[in-house]
**Q** 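Below are the structure tokens for one structure; questions will follow.
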2 protein chains.
Amino acid sequence: MTSIQAKLAAHGHRLTKPRQAIFTVLSHQPQSVLEISQKLSKKKLQIDKVTIYRTLDCFVNLGLANKTQFKDQTFFYELADHKHHHHVVCEGCGKIADIELDEAELLQKVRKNSPFQIKSHHLEFFGLCQKCH
Amino acid sequence: MTSIQAKLAAHGHRLTKPRQAIFTVLSHQPQSVLEISQKLSKKKLQIDKVTIYRTLDCFVNLGLANKTQFKDQTFFYELADHKHHHHVVCEGCGKIADIELDEAELLQKVRKNSPFQIKSHHLEFFGLCQKCH
DNA sequence: ATATTATTGCAAATCAGTTGCAATAAGTCA
DNA sequence: TGACTTATTGCAACTGATTTGCAATAATAT
Ligand SMILES: [Mn+2]
Ligand SMILES: [Mn+2]
Ligand SMILES: [Zn+2]
Ligand SMILES: [Zn+2]
């Protein structure tokens, strides 16, 4: 709460009830707005989806959340307090697991092979989890 | 034409005029359906966007095209006849360049770190091209 | 040439995300 | 604390991308 409080304040933003609620529901598991909405409902916290979108957007800008995308046109959000990492998605059951890699070599190769100044990347893996295998 | 012809036939699909037209317009530059549609229009080939979607879907299934996604909810399609590769997208002007990497090490690391059976991955880089830099 | 059925095009629907705006509630300060 | 300012919320309507239903059309096989 203090961290979010501080970051919001530093940007002239307010710590509101919806923002607190949405924050408590975030985790390292990337979640869609629908899933977040449903989690909130279960907690008897009724928050409009537009507010969820705007809040997540705000969190992403403040570096509190990360926005990801897998194979469909839906965006997923997770807490940003961990180390930079990527995910493996099970194409059988939808399960998502974190993957932590040393990407130094990879990025080095890319920088050597491309004249672009690279700022960020998306990397996601797809396959089958142990159960679905 | 023969390659597409053969693959279509092998799956009981027909080589139609729209399919030929759409095929000629594909390249290694990932393109959205809108862009493909505009290219076709310039060639005086008026094809409904629904047909473009269905055709691209068909091409992807036959391994003739690849479907990619960058930071928005739009899908991009490119020819699949080249070696496996990824892209760098300029966030200034939208320019897209191919990036070819040796991913063996990376995949090895991932397989070692994850119990999932990995089948595919998405990897895209974002930054600024030389002009926008 | 005819019959069969995959494919097309149009209209309408869906799905995720965005925008406008009036009502509400944080944060500020006397 | 209580009034004041303005960020934030919720609702309704909208957009852009993609999908679906269906009747008309055109590729293929005989
Ligand atoms: Mn994660
Ligand atoms: Mn390419
Ligand atoms: Zn699974
Ligand atoms: Zn550029």
Side-chain angles (χ1 to χ4, degrees), chain A residues 1-2 4-25 30-41 44-62 64-77 94, chain B residues 1-2 4-25 30-41 44-62 64-77 94:
Chain A
M1 287 216 209
T2 320
I4 168 177
Q5 163 73 280
K7 288 212 177 172
L8 285 169
H11 289 253
H13 295 142
R14 298 173 181 177
L15 180 57
T16 64
K17 212 175 152 192
R19 282 177 180 165
Q20 292 180 66
I22 293 166
F23 190 77
T24 67
V25 139
Q31 297 172 92
S32 67
V33 165
L34 179 62
E35 291 166 333
I36 291 171
S37 176
Q38 292 171 337
K39 266 201 186 178
L40 289 166
S41 294
K44 306 292 172 204
L45 298 164
Q46 175 74 353
I47 297 175
D48 193 88
K49 74 178 198 298
V50 176
T51 301
I52 301 178
Y53 278 110
R54 290 195 273 226
T55 298
L56 291 170
D57 227 53
C58 166
F59 286 176
V60 169
N61 288 331
L62 298 182
L64 293 166
N66 287 127
K67 190 175 180 178
T68 326
Q69 219 176 4
F70 299 106
K71 285 196 173 170
D72 56 21
Q73 51 271 69
T74 313
F75 292 112
F76 291 77
Y77 301 84
Chain B
M1 291 215 206
T2 321
I4 168 178
Q5 163 73 280
K7 289 211 176 173
L8 285 169
H11 289 252
H13 295 142
R14 299 172 181 178
L15 180 57
T16 64
K17 211 175 151 193
R19 283 177 180 165
Q20 293 180 66
I22 293 166
F23 190 77
T24 66
V25 137
Q31 298 171 93
S32 67
V33 165
L34 180 61
E35 291 167 334
I36 291 171
S37 176
Q38 292 171 336
K39 266 201 186 178
L40 289 165
S41 294
K44 304 294 173 202
L45 298 165
Q46 175 73 353
I47 297 175
D48 194 87
K49 72 179 194 301
V50 176
T51 300
I52 301 178
Y53 278 108
R54 291 195 272 227
T55 298
L56 291 170
D57 227 54
C58 166
F59 286 176
V60 170
N61 288 330
L62 299 182
L64 292 166
N66 287 125
K67 189 175 181 178
T68 326
Q69 217 177 7
F70 299 106
K71 286 196 173 171
D72 55 22
Q73 51 271 66
T74 311
F75 291 112
F76 291 76
Y77 301 84

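Computed over heavy atoms, backbone and side chain alike; hydrogens, waters and symmetry mates excluded. Throughout, protein chains are lettered first and strands after them, A, B, ... in sequence-line order, and every chain is numbered starting at 1.
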**Q** Output the rounded distance in Å from CG (B:D72) to C1' (D:dG16).
**A**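 Roughly 10 Å, once rounded to whole Å.
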**Q** B:R14 side chain: which of D:dT18, D:dT28, D:dT19 is closest?
**A**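 Nucleotide nearest to B:R14's side chain: D:dT28.
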**Q** For the CZ atom of A:R54 and the CG atom of A:D48, what is their distance to the nearest 0.5 Å?
**A**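 Going from CZ on A:R54 over to CG on A:D48, the span is 8.0 Å.
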**Q** Is any side-chain heavy atom of A:F75 closer than 4.5 Å to one of B:Q73?
**A**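 Heavy-atom side-chain distance check passes, below 4.5 Å.
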**Q** Without decimals, in angstroms, what is the distance between B:L56 CG and D:dT19 C1'?
**A**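 Whole-Å distance recorded here is 14 Å.
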**Q** In whole Å, what is the span from the CD1 atom of B:I52 to the P atom of D:dA17?
**A**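 Checked: the CD1 to P distance equals 13 Å.
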**Q** Tell me: OH of A:Y53 to C1' of D:dC11, nearest whole Å?
**A**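 For the pair A:Y53 OH and D:dC11 C1', the rounded distance is 16 Å.
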**Q** Look at all strands and tell whether B:K49 reaches a base, only sugar-phosphate, or nothing, counting heavy atoms closer than 4.0 Å.
**A**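 Since a base atom lies under 4.0 Å of B:K49, the category is base.
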**Q** Whole angstroms only, please: what is the CG-P distance between A:D57 and D:dA7?
**A**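 My rounded result for the distance is 17 Å.
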**Q** Can you measure from CD (A:Q46) to OG1 (A:T51) and round to the nearest 0.5 angstrom?
**A**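 Reported to 0.5 Å precision, the distance equals 10.5 Å.
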**Q** Find which nucleotide of DNA chain D each of A:H13 and B:L34 is nearest to by heavy atoms, and output the residue with the more 5' nucleotide.
**A**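 Here A:H13 is the residue nearer the 5' end.
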**Q** Rounded to the nearest 0.5 Å, what's the gap from CD1 on B:I4 to NE2 on B:H13? Could you check?
**A**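 Reported to 0.5 Å precision, the distance equals 12.0 Å.
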**Q** Tell me: CD of B:Q38 to C1' of D:dG16, nearest whole Å?
**A**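 In whole Å, D:dG16 C1' lies 14 Å from B:Q38 CD.
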**Q** What's the angle between the local helix axes at either end of the helix from C:dA1-D:dT30 to C:dA30-D:dT1, using five pairs per end and rounding to 10 degrees?
**A**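 Answer for the end axes of this duplex: 40°.
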**Q** With B:F59 as reference, evaluate B:Y77, B:Y53, B:F23 under the ring-ring contact (aromatic ring centres under 6.0 Å, His included) test and give the passing residue.
**A**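 Result for ring-ring contact (aromatic ring centres under 6.0 Å, His included) with B:F59: B:F23.
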**Q** Using a 4.0 Å cut-off to any heavy atom of chain A, which nucleotides of DNA chain C are the first and last in contact, reading 5' to 3'?
**A**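 Answer, 5' to 3': C:dA16 to C:dG27.
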**Q** State, with a plain yes or no, whether a side-chain heavy atom of A:I36 is found less than 4.5 Å away from one of A:L56.
**A**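 A:I36 vs A:L56: side chains touch.
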**Q** Reading DNA chain C from 5' onward, which residue's closest nucleotide shows up sooner: A:R54 or A:V33?
**A**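 The 5'-side residue here is A:V33.
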**Q** In this structure, how many angstroms lie between the C1' atom of D:dA17 and the CD atom of A:Q69, rounded?
**A**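 For the pair A:Q69 CD and D:dA17 C1', the rounded distance is 12 Å.
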**Q** Check step by step if side chain to side chain contact (heavy atoms under 4.5 Å, CB included) holds for B:L40 and B:I52.
**A** CA-CA 10 Å; B:L40 289 165; B:I52 301 178; 3.9 Å; yes
**Q** B:L34 versus B:T74: any side-chain heavy-atom pair under 4.5 Å?
**A**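 Heavy-atom side-chain distance check fails, nothing below 4.5 Å.
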**Q** Please compare B:S32 and A:G12 by the position of their nearest nucleotide in DNA chain D and report the one closer to 5'.
**A**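 Of the two residues, A:G12 wins.
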**Q** Touch check for A:R19, heavy atoms < 4.0 angstrom, all strands: base, sugar-phosphate only, or nothing?
**A**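 It contacts sugar-phosphate atoms only.
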**Q** Identify the heavy atoms of A:V60 and A:K67 that sit nearest to each other, and give their distance.
**A**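 Closest pair (atom of A:V60, atom of A:K67, distance): CG2-CB, 4.2 Å.
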